[in-house]
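First comes the structure, then the notes that go with it.
Bear in mind that the values here come from a model prediction, so they are computed numbers and not experimental data. Position 1 is the first residue of the sequence; numbering continues from there.
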Amino acid sequence: SLYITAGAREEIFQMPAIPSDIYNFVPRPEFAARSISRLNPKLSASYLLQPGLRIHASYGTGIRPPGASDLAFSNNPDLKPERTESYDVGLQKRFLNDKVSIDATWFRNRYKDLIVSLGGNLSVLSAYYTDNVANAMAKGVEATGTWRPAAWFSVTGNYMWLESSVLSLNGGIGLVQQYFYLGQPLIRRPKQSGSMVSTFHYRRLDANVVGYFRGRDLDVEPTYGASAGLFWNRGYQNVGLNLNLRVHGNVTAYANLHNALDQRYEEIFGYPAPLLGVNAGLKWSLARAR
């Protein structure tokens with residue numbers, strides 16, 4: 001069986017007029033009111049090769065308009081949206097009467113017209129302090145496995161291998177934005193990451209154990225950004241436990257254990273995550289009880 005889904009998303013962003021500011025860190029010109037519109041297609045397909053084995057693929061594009069910080073520190077009145085193009089292809093296999101499912105997907109994301117600061121020998125690429133001239137790429141493999149031996153218990157695991165890199169600037173072969181080098185991994189994009197969720201249900205009790213691990217990734221100095229240096233942020237593992245017990249009717253008692261391994265880590269370099277913690281309480285739902 002072949003299934004094809006096609007669609008399109010019209011993205012419309014409206015920006016009001018922004019007055020000039022000659023006293024800004026970078027003297028800001030006047031930004032006229034304007035609307036940004038872009039039609040982004042989305043196409044996905046799947047084909048059943050044989051019972052329990054399916055191939056799937058998808059393609060899509062997207063945009064990100066200039067944000068507040070992009071406009072605040074630019075003398076370019078004609079910044080354009082950043083663009084993305086993504087596609088993937090994978091295989092899904094089910095066996096043991098659909099109790100086990102494995103899915104492996106290869107993907108590639110291309111980032112174009114990224115807004116970056118220019119200066120020094122890069123000033124020949126544009127007449128402005130910032131412009132849409134940067135490019136980047138991320139590709140890899142994501143694998144997901146699910147085991148559901150019974151209706152009351154299931155385990156799902158996920159693993160991702162990611163390769164990302166900074167590409168040449170538009171019009172500058174071999175040149176990249178300041179503080180970076182050609183082929184450098186993208187900021188906060190770990191090469192390895194994964195997660196696990198196990199769910200248990202018995203009468204009035206629902207419980208799940210969640211886990212997440214992330215390998216080391218490249219990050220910027222937290223106070224002054226990339227201008228103050230790039231640093232490797234070590235990886236970490238985070239495990240949690242969630243319990244929900246329906247006491248009576250629509251009243252449920254809950255308890256959540258966070259960072260069960262009591263690890264010291266930083267998701268973003270320079271900002272420590274909370275240590276082991278527990279939240280507990282009662283919640284009442286307007287929905288009809290089961």
Side-chain angles (χ1 to χ4, degrees), residues 3 5 42 44 46 52 54 56 58 86 88 90-105 107 140-162 188-217 219 233-290:
Y3 298 92
T5 302
K42 174 69 174 182
S44 61
S46 66
R54 182 174 64 92
H56 56 85
S58 68
S86 305
D88 61 71
L91 286 171
Q92 182 189 61
K93 174 66 176 176
R94 295 178 178 272
F95 46 94
L96 295 180
N97 295 323
D98 288 343
K99 292 181 179 180
V100 178
S101 172
I102 298 177
D103 192 313
T105 301
F107 62 89
V141 176
E142 182 175 14
T144 302
T146 301
W147 177 46
R148 191 180 182 88
W152 53 268
F153 178 74
S154 66
V155 178
T156 298
N158 171 273
Y159 173 78
M160 181 185 294
W161 176 274
L162 178 68
R188 297 170 190 156
R189 298 293 193 278
K191 179 169 290 188
Q192 299 187 73
S193 62
S195 64
M196 181 275 294
V197 177
S198 63
T199 302
F200 171 85
H201 171 73
Y202 180 73
R203 294 185 179 179
R204 296 185 176 186
L205 176 65
D206 289 295
N208 61 62
V209 178
V210 296
Y212 176 77
F213 84 88
R214 190 179 77 178
R216 69 170 190 164
D217 60 354
D219 212 330
N233 187 4
R234 67 183 182 88
Y236 66 89
Q237 300 83 40
N238 188 355
V239 178
L241 172 65
N242 304 307
L243 299 174
N244 289 272
L245 177 64
R246 186 162 61 86
V247 179
H248 179 73
N250 293 355
V251 178
T252 301
Y254 68 89
N256 303 319
L257 175 64
H258 307 284
N259 193 4
L261 302 179
D262 198 28
Q263 282 210 335
R264 298 181 181 274
Y265 66 92
E266 300 172 354
E267 292 187 28
I268 298 176
F269 190 71
Y271 296 87
L275 297 176
L276 184 148
V278 177
N279 295 332
L282 294 173
K283 56 186 177 183
W284 177 66
S285 173
L286 292 174
R288 180 177 299 177
R290 292 182 297 179

- Query: Side chains of Thr156 and Asn158: does their closest heavy-atom pair fall under 4.5 Å?
  - Reply: no
Nearest heavy-atom approach of Tyr212 to Gly194 is CD1-O, 3.1 Å
### Task
Run the numbers on Tyr159 and Met196 for side chain to side chain contact (heavy atoms under 4.5 Å, CB included), then give the verdict.
CA-CA 9 Å; Tyr159 173 78; Met196 181 275 294; over 6 Å; no
Value for CG (Asp88) from OG (Ser44), rounded to nearest 0.5 Å, stands at 9.0 Å
Interatomic distance, CD@Gln192 vs CH2@Trp161, rounded to 0.5 Å, equals 5.0 Å
**Message:** Check the orientation of Tyr265 and Tyr236. Use parallel for under 30°, tilted for 30 to 60°, and perpendicular for over 60°.
**Reply:** parallel
To the nearest 0.5 Å, atom NZ of Lys191 lies from atom CE of Met160 at 14.5 Å
Between Leu243 and Ala207, the two heavy atoms sitting closest are CD2-CB, 3.4 Å
Residues passing the side chain to side chain contact (heavy atoms under 4.5 Å, CB included) test with Asn233, sequence neighbours excluded, are Arg214, Asp217, Asp219, Glu266, Phe269
Nearest heavy-atom contact between Ser285 and Asn250 is O-ND2, 2.8 Å
So do Ile102 and Phe95 actually touch side chain to side chain, heavy atoms under 4.5 Å? yes
Q | Residues Asn256 and Asn279: side-chain donor-acceptor under 3.5 angstrom | A | no
Is Phe213 close to Val239 at the side-chain level, that is, under 4.5 Å between some pair of heavy atoms?
no
Notebook entry, point to check: Is the shortest heavy-atom distance from the side chain of Lys42 to the side chain of Ser58 under 4.5 Å?
Noted result: yes
Determine whether Asp103 and Thr105 satisfy the following criterion, side chain to side chain contact (heavy atoms under 4.5 Å, CB included), listing intermediate values before the conclusion. CA-CA 7 Å; Asp103 192 313; Thr105 301; 3.0 Å; yes
### Backbone of Gln237 reached by a side-chain donor or acceptor of Gln263 within 3.5 Å
yes
In terms of heavy-atom contacts, Asn259 and Pro274 come closest through ND2-O, 3.1 Å
Closest heavy-atom pair, Gly270 versus Pro272, reported as atoms and distance to 0.1 Å, is O-CD, 3.5 Å
**Asked** Any donor and acceptor pair, going by atom type alone, linking the side chain of Arg204 with main-chain N or O of Val247 inside 3.5 Å?
**Response** yes
One should read off an interatomic distance between Asp98 CG and Arg148 CZ, to the nearest 0.5 angstrom, of 11.5 Å
Would you check if the distance from the ring center of Phe200 to the ring center of Trp152 is below 6.0 Å?
yes
**Whether Arg94 side chain and Asn97 backbone form a donor-acceptor pair below 3.5 Å** = no
State, yes or no, whether a side-chain contact exists between Val251 and Arg246 at a heavy-atom distance under 4.5 Å.
no
Point to revise | Within 6.0 Å of CZ in Phe153, more than 12 heavy atoms from elsewhere | key: yes
Exercise. Is the closest side-chain heavy-atom distance between Gln92 and Arg54 below 4.5 Å?
Worked result: yes
Nearest heavy-atom approach of Arg203 to His201 is O-CE1, 3.1 Å
Exercise. Before giving the answer on side chain to side chain contact (heavy atoms under 4.5 Å, CB included), spell out for Leu257 and Leu276 the whole-Å C-alpha distance, their side-chain angles and the decisive distance to 0.1 Å.
Key: CA-CA 7 Å; Leu257 175 64; Leu276 184 148; 4.1 Å; yes
dist Asn208:CG -> Ser154:OG (nearest 0.5 Å) comes out at 9.0 Å
Step by step, would you call Lys283 with Asn244 a side chain to side chain contact (heavy atoms under 4.5 Å, CB included)? CA-CA 10 Å; Lys283 56 186 177 183; Asn244 289 272; 2.9 Å; yes
